[in-house]
Each structure stands twice: as C-alpha cells, then as structure tokens.
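Down below is the structure, laid out as structure tokens.
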Amino acid sequence: MTRAHFDPRTLHRHRAAGIWSTLFLGAIIIAIVALGALLYDIVDESFGLVAIENRIDPASLARDGMPLETLDKAQLVEILTGHISAGLLRRLENDLPFEERDRANVYALVLERVVEPKIVKTWSLTDSLTNRAAIEAEVLAEYPQARLEFHAWINSTFIQSPQSSSPEFAGVRTAILGSLWTIVITIAVAFPIGVGAAIYLEEYASDTLVNRVIQTNINNLAGVPSILYGMLGLAIFVRGLEPLTSGAWLGAGDPTTANGRTVLSAGLTLALLVLPLLIINAQEAIKAVPASLRQASYGLGATRWQTIWHHVLPNALPGILTGTILAISRAIGETAPLVVVGASAFVALDPSGPFSKFTTLPIQIYQWTTRPQDQYRNLAAAAILVLLVLLLSLNAAAILLRNRYRRQG
Amino acid sequence: MALTSTKQALVSGKLPGKLPGDLPGETASDTQSLLHKRFRLGETFIQGFLFVCGAISILTTIGILYVLGHESLLFFRNPDVSLLEFFTGTKWQPAILEFGILPLFNATLITSAIALLVALPLGLSAAVYLSEYATPRTRGVLKPILEILAGIPTVVYGYFALSFMTPLLRTLFGADTVEIYNTASAGLVMGILILPLVTSMSEDALSAVPGSLREAAYALGATKLETAVKVVVPAALSGITAAFIIAASRAIGETMIVAIAAGAGPSFTLNPFRAAETMTGHIVRISGGDLSYDSIDYNSIFAIGLMLFFMTLTLNLISNRIVRRFREVYE
Amino acid sequence: MNFISPIFTHTQVQQCLVDTPAAAGNCAIETHDLTIYYGDFCAVRDINLHVELRKITAFIGPSGCGKSTVLRAFNRMNDLIPSARVEGAVLFGGQNIYAPTVDAVEVRRRVGMVFQKPNPFPKSIYENVAWGARINGYRGNLDELVERTLRHAALWDEVKDKLQQSALALSGGQQQRLCIARAIAIEPEIILMDEPASALDPIATLRIEELMRTLAQDYTIIVVTHNMQQAARVSDYTAFFMVDENRAGYMVEQGHTREIFTNPKDKRTEDYITGRFG
C-alpha cells in the first residue's frame, strides 16, 4: 500500500467546490433579483409625478371670489350648463337627473367635463424622488400651463371607475367584475367535473385500457399551451354554440353584441383549461386518504359511494380545496385564451350576467401595455398591482388551508 | 335490521365489483336471499356520472384535435395555399396570400432558445443548490420565492419585458442596435418565467436520488461538489432531461410575453435584437382583431395552432416516457 | 482470494497469535470519551475503545444501541446529518479527526466504508471502481487498478467480460462485493462495514465473510453486525454495546472475540449472548 499512488489535491478541490457552490447560489440570487426587478418596475410605474394641464383653469370658474371647490351644488350645475353642449347635458340628465345627483357627483362632473384635466407627462417613482428639481424645471419650460403633482395610479377611484377613453379617468372596475364573473362560471363548471373525474380515477377505475387512456390524456392535456384552449373555445363555444352562449335561446342576449363572445364562453374555456390541473390535484388529495379508512367503512357494510361520500371526500376536502384555489389563481391570470375567445377591447359597462360582453383584469393589462402612451403604461402597472394583490391573497389562503390540513393530518 | 336492508335493496343499487363487504354465496336459503347481489340503481348512476366526468377530458382532446384539424383542412384546401409553400415559404403575408410558416417558426425557435439558454443552466444550478447545499431552513425561505415567480401571470411578464428588459437592452447595446420590439427581450424574460419550472422539476429528480449514493460518494473522499455533480446529477439525468423538455414545450407554447414584447408582424430574421412575430404571437394578434369566420386568415391561425399542438405534444410525450423509465430504475 | 480453509480455524489461529489486546503500536483508531448527539438526543455516550491494526473488530449489541453511530463517527459520516454533534476525540494515527484543522474529505479517503444495502453508482462496473480513484487523483493505470481491485475483491472472474455494463444489473451479493472493491480501490487504511451482509442471502453472506478474512491481511476492518454468529465467525475482537435508560448507547466491554463469547467479564454481555444463543 503506497500512498504515492494518489495525488488528491484536496485544497484545490475544496476551492473549486467553494466557487461552484457560490455559482449555484448565484442562480437563485439571479431569480430573486429578477423578481425584485419585476416588482420594482411595477411599483415604480404605479406611483410618481404627473404634469396636468387643464382645459379651463379652475381659478377662472370661481364665483364671487369663492374658489371652485367651495361652491355649492346649484352653482356647480350652473357652471356645467354654461360650459358643455346641450346634447351632452341631455345625456347626463338622461343617465341620472341632476336633481337626484349629490354635490360630490356634480363636482366630479365639472372636473371631468369642464376643467378637463389632461396628464401631459408622467415620471416614474424613482425619477420623482431623485430628480424632482430637474422635473420641475422641465415642466416650467415645456408645459407652462401644467401643474405638477404626485399621483398614485392605484387608488380607490381607479378601482371603482369603469373603463374610460381618457387615461385620467380610466379604472379597472369593469375588468375586475369581468374577471369575477368569468371565474364564477369556471369554478361552477370545473369543480364538480374535476372532483368527479378524480373520484372516478382514484376510486372506481380499474386498470383497463379506457381508464389508462383517460389518465394519460389528462396528464397530456395539462401540457397543452393555453392558447390552444382559446382556439377550442373560439371554434366550439363562441362559434359552434353561439345560440347558447350568446343567450339568444333565453332571449337574454346582449343586443349590442348578439354573438358568442360572452362571459359564458370565456368561463367555459377557462374551465376546460384548468380541468386537468384540478383533476390531478384532487387525485393527489384523494390518494392521501389512508386505505384503512375505506376498509373500516366497507367493513361496516357501506357501499362504495357511501364510503366515498362519508369518509373519503371529507378527508380529502382540504387538499381538493387547496388545489382548486391554485386552479383559480391560474385561471385569473390567464390572458392568451381569452384574447382568442374574443375579449372586448373596450367595455365601459359592468357585466350583468353570463351573456354580457367581457373583459378581464389581465386582458385590460394587456391592452394598456400595448398602447404607446406613457399614461397607459402607468395604468397597466396599477392594474398589475391589483391583480397581484388578488393572486397573493388567493395563494395565502391556499397556504393557510394547506398548513391547517397538515396540522390535523 | 332485515327490514331496513330489504328496503335499501329496493331503493338503491348493487355493489359494483368485489368489495370486502361481499360474501360468497351461502347454502341456507334465508341467508341466500339476504346476501344476494343487489342492483343498486343509485350507485350505478353515480358511477356513470363520474365516468362521464373523467371522459370529458377525452372529449376536450378530441375537440382540440377536431377543431384544429377541421379548420386546417379548410386552410390547406384553399387553392391559394400549398402544403409545400406552407413549410418552406419564408414569407407570411396573408394580405398577399403568402403563407410560409418559417418566419413565425423561426421567431418561436429564437425566443424559446434564448429562454432555455437562461432557464436551463440557472434552473439546474438552483435545483442543485436547493437539493444538495441548502439547509432545510434556507430551502424554506428560497422555495416560496421561486413559487411566487411561478405564480405571476404571463401578461405581467410581458409588461416587464416591454417596460424593463427592453429599455435595459437598449441601454446596454444601444438604441440603434436594439429595436423597441425584439425577440431577445421576450426570450430573456421567458427564461425567468420557466426558471421555477425547471428548478422544481429538477429538484424533484435530484431528491429522488437515494441518499445511499451520496453516502457512497462521500465515503470515497468526494467533496460536496463532486458528489453533487458527478454522482447525484448523473443519477437524476433522465428526470432533469424530462424537465428540460417540458421547459422547451412551455417556451414554445408561451404566448403573452412574445405577443407583447417580441413584435407584431412576421419577419424572417436571425437577429435577436430585431422584431419578429412568433407562432403564438401571430395567433393572438390575428384573433384579437376583428376576425370574420371562414376567412382564410381565420383558417390559417388554426393551421399554426395545429403545428403548435403537435410540437408541444411530441415534447410532452417524450418527457413523460423519460420520466416513466426513470421511475422504473429507482422504485 | 481463493480462500477455502474453514473459518473457525482462522479464528483459532488469530486467538493464538494475538494475546495483548492493546499493544501500543498496533492501534488503528481509538476513541476517548466519544459522545454523539442528534439534536438534544444523546445517541451514544462516553465511548472509549481501540481498534487493532489489520484485524477485524466487530461491534455487536441490541438495535438502537448506537453501534452504527460510532462506526460512522470514524470517517465523519455523521457530519452529513445537520443535527449531529460530536464530543470527545477519535484518534486516527494519533490525530483527532474531529480537530478543527482536519478535513473530512481527507479522513474519508483514508477510512473507507461499505454500507448495509449495496449502493453501487448507476454507472458501469468499471466506473464504479475507477470513480473514487479518479477523483482522488490516481496516477497509475486505471485499467490495471480496476482489474487488481476486482481480483482482490474476488469479483474479477464474474465481471471481467461485462465491465462496461451497468452495476445495477449485478446480483445483490455481487453488488456488495463491488462496493467493497470500490472502497479498497482508493487504498484506505481502515474499512468500515455497516452490517454489510444483512441484505444478502446466506451464500452471498458467506462470500462476503470470506472476503473480509482475506482483506484483513492488508486492512483494518471494523464491522457492525446484528448477527452474533457472524461476529463470532469473522472477527478477532468484539466490542459489545448496550442502551441505557435514557436510550443512549454505551460500550459495555471489548476484547478478544473468543473471550467475549466464551467468558465475558460483564454480566450484561453474558445475558445478551446466552439469551440469543439460548
């Protein structure tokens, strides 16, 4: 035995190991930095300075030395009548008579229709904080009429306002409601079918060819690009089943659209999309129920369905619900299939039911992102914040559920 | 007792299959009537319903195949379209009836290749770190971060590509070299999008390698790196390969990032700093506009969809097969 | 290699040759007050034992008595368990292997290990043997090393025609002998064996035991076994472990295998041995 046979160079190897472990960690750090950059980018665009130019200076609207904001309702209505066209006035009166409107509402109308503030330039949060002096100088030089103010693009008005053609007044209310309607339909369809399929595969299916095909098929469907589901939805729900999905069969269709590009089609498309995910998750949950429980139930003379209904499902429920929440968050974030199914480019009216035209939060983000003007980019960032908060709370709910389930198990 | 069970027999159905509750036939006639197999209508109905639920997935697949196939057939039957031109033409301009898929296909390949160049090395490195180096506590902190990354909707990544990555690239390489829409930006961000997928699948494969192999390597005087790279990674190679293939399939099918950041309008270019429309990007743009049914434009996106379907399906099937073979070795 | 003489004679020969259990210059490894914790749990406490050079020492005792834990302390395999903590000293060549300046990788190169279940790498037979030598910078001819080692492990004749085939295709007993070959390919000074035959059938077990006797001519071997007949058959020395009321393991006594099995000094050893042998 001669040690001379070996030259282990341990020091060198340890050094290499150290370098590589730093590299491995570096990969994770890059991922974290990317996440940080993404969040920073979104927050950066959601807040910041804006330069606003008014069509009419509010100071010029002052009455008897009283500034605009202190005027009462009657005076405001007077201003409104004096500045806008008769046609628009009639339309507003039509929407809701001025007598029934409160002061705040009229004041908002005066701002929107008479003062007509227009955001002429926006700055990111970083710029606003670090470069304030230069920005002020620039505004003074280029937009002498404009005033500079700090604007949070995400605010309560943004969430409560419907879509609008001017970015100053646009909001995500329509989009949020559209998303909610769509998701309700998605879950109503996908949940029972998904859980049913999972029960069938785990509790009933014997190892026959048909059942193996079903299982393989589900696994493969989970890998089909989401845009193809959109094409399926377009051809089947929107086009093929148009009388059904447009609501024409109930006479409930939206007269302005009267085609299949409705909340219902979108919901059904997303249901097919999340179905494989839901089934696979539910299967895992059902698999985790101990076999001894089933045997105990059968031992007492229960039928197969009694066993499933009374013992298997209650025990698998937390897992199934966790999987369902994850499926919901997937569906909420989906964009491509809905573009294909035919989300409307512009919907200012709240969706009223399954047969309404629709837009959803991600669709709204997509449309704002693709506009060239800066203001829309800010709007998109604010809408992304809303979407991320929504998704984060859903995921938090799923994690809580999972942890509680683990503690019990 | 006997009364209730008789009643039950009238109301509900039989037990399907053999169950622990089933008893073999008895000789005494009394017992025989009690233990006789009953037809339980409810049970049969429920089983039927559940089977239909399972079969809906098959219908979905058939639906996808039928829709894509049917519309593609209409497309290829069109006298203005030839199959040869479809696969070899370098121009996709429906307005002048040029339908060569190569520019779209090429853009898909470029964005996917860039995404994989980012996601595969980083994803595998991260997986090795999580599986072989990280303490349980570190893993508990790092994994949720990757899960957040995986949970962000793709449209948000699209926004990120356009409003962050593209300006960054333009600063780095000059606004003259990098167009506003370019495949590099879309590909890089797509790489970040698939990174968590690669990491989590590879980590699963690495953790499935039995600890005894690591012990064997350490007992031979291997360092942690040698154990991880020369023993654990090769042992998990098939699982890692499967992860890589799934990642490729994800990249090819990814839509929103390329629709937002890669460019609108097919162009046959190998320069990643130029705008080029991918297959998915084209489908989204065409179907997002006012599309009249039965037009050649409408049919053409289904032909693209069919190709997309076969490409991703092939990759998924290969990956599944590899995973299955991998399982056979260790279980 | 072609070891055919009955094992018991060997044991007897050993007993005649060695009389002083702890001759100072013949110590391969020894422990001083070795105590090992897993988190707060004390797995073994205050172990003081020494292992003779080029002899086979067996660790026996009821399950959970920490004999494997002690074995794994000899090449710092316990380092891989994050919660494990070692107190006391393990002296190898006069140096405490738990001293802060000592590199675990260096220790493991000199103290090889064979595990309970055969764990060949999912590589070829050739690669399994060559791997350890390669990472440790072997300077000679690898082909020769592989052949020499496999011959030494009495496996050459069975595998010489399929060196490039996967090691996983071998039988369990062959796999375990391959693992032994893999361990001796890097020329360690000590080979630790953790119940090396417990997963094997009796014939494969016999072959492993024969191999151990052959290897003992060149190597110090420490073997953990739950099979007392095996300890009696193959080992020169035996250390007997027990578990105390706090579930911590401790060493009751060590000595010549013959002494321990025929004339134990401690009542507990006697109870354990007679209880099993009945």
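Lettering follows sequence order; numbering is per chain, from 1.
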Using a heavy-atom distance cut-off of less than 4.5 Å, which residues of residues 268-276 of chain A contact chain B?
A/Leu272, A/Leu275

For the residue pair B/Phe160 and A/Ile42, establish whether any side-chain heavy-atom pair is separated by less than 4.5 Å.
no

Under 4.5 Å to a heavy atom of chain B? For A/Ile193 that would be both

Intermediate values then yes/no, side-chain contact (heavy atoms from CB on, under 4.5 Å), A/Leu35 and B/Ile152
CA-CA 10 Å; A/Leu35 179 64; B/Ile152 292 176; 3.7 Å; yes

State, yes or no, whether a side-chain contact exists between B/Val284 and A/Tyr366 at a heavy-atom distance under 4.5 Å.
yes

Would you mind reporting whether A/Val224 and B/Phe309 have side-chain heavy atoms less than 4.5 Å apart?
yes

side-chain contact (heavy atoms from CB on, under 4.5 Å) for B/Val118 and A/Ile30? Distances and angles first, verdict last.
CA-CA 11 Å; B/Val118 173; A/Ile30 289 177; over 6 Å; no

Measuring only between side-chain heavy atoms, which start at C-beta, is B/Phe164 closer than 4.5 Å to A/Leu38?
no

Under the criterion side-chain contact (heavy atoms from CB on, under 4.5 Å), I'd like the reasoning laid out for B/Ile46 against A/Tyr204: C-alpha separation, chi angles, the key distance, then a yes or no.
CA-CA 11 Å; B/Ile46 286 168; A/Tyr204 286 89; 4.2 Å; yes

So which of B/Ile192, B/Thr199, B/Val156, B/Val229 has the biggest tally of heavy-atom pairs under 4.5 Å with chain A?
B/Val156

Taking A/Trp305's backbone N and O only, do any of them form a donor-acceptor pair with B/Glu43's side chain (distance below 3.5 Å, no angle check)?
yes

When B/Tyr66, B/Phe51, B/Tyr298 are compared by non-hydrogen pairs under 4.5 Å with chain A, the top option
B/Phe51

Ring centres under 6.0 angstrom apart (B/Tyr133, A/Phe24)
yes

Run through B/Asn320, B/Thr61, B/Thr312 and flag the one making a side chain to side chain contact (heavy atoms under 4.5 Å, CB included) with A/Asn220.
B/Asn320

A/Leu23 atom CG, over 12 foreign heavy atoms within 6.0 Å
yes

Could you list which of residues 388-395 of chain A have a heavy atom closer than 4.5 Å to any heavy atom of chain B, in residue-number order?
A/Leu388, A/Leu391

Counting only heavy atoms closer than 4.5 Å, note whether A/Pro8 contacts chain B via side chain, backbone, both or neither.
neither

Side chains of A/Leu221 and B/Ile64 in contact at under 4.5 Å (non-hydrogen atoms):
yes

Rounded distance (nearest 0.5 Å) linking atom CG of B/Leu142 with atom CD1 of A/Ile32
5.0 Å

In sequence, state the C-alpha distance, the side-chain angles, and the governing distance for A/Asn217 and B/Thr60, and then conclude on side-chain contact (heavy atoms from CB on, under 4.5 Å).
CA-CA 10 Å; A/Asn217 183 54; B/Thr60 310; over 6 Å; no

Please flag which part of A/Ala37 lies under 4.5 Å from any non-hydrogen atom of chain B: side chain, backbone, both or neither.
both

When rounded to the nearest 0.5 Å, the distance separating CE of A/Met231 from CD1 of B/Ile304 is 7.5 Å

Determine the option with the most heavy-atom pairs under 4.5 angstrom with chain B, choosing from A/Leu234, A/Ile199, A/Asn211.
A/Leu234

Tell me, for A/Ala381 versus chain B, whether the close heavy atoms (under 4.5 Å) come from the side chain, the backbone, both or neither.
both

State, with a plain yes or no, whether a side-chain heavy atom of B/Ser57 is found less than 4.5 Å away from one of A/Ile214.
yes

Residue among B/Phe49, B/Tyr157, B/Tyr159 with most heavy-atom pairs under 4.5 Å to chain A:
B/Tyr159

Look at atom CZ of A/Arg9 and say whether more than 12 heavy atoms of other residues, nucleotides or ligands are closer to it than 6.0 Å.
no

Beyond-backbone contact of B/Val128 with A/Trp20, side-chain heavy atoms, under 4.5 angstrom:
no

Portion of A/Ser21 that has a non-hydrogen atom of chain B nearer than 4.5 angstrom
both

Side chains of B/Tyr293 and A/Val238: does their closest heavy-atom pair fall under 4.5 Å?
yes

Is B/Glu226 paired with A/Arg13 through a side-chain N to carboxylate O contact shorter than 4.0 Å?
yes

Measure distances from A/Val210 to the heavy atoms of chain B and classify the residue's part below 4.5 Å as side chain, backbone, both or neither.
side chain

Heavy-atom cut-off 4.5 Å, strictly under: side chain, backbone, both or neither for A/Ile399 against chain B?
neither

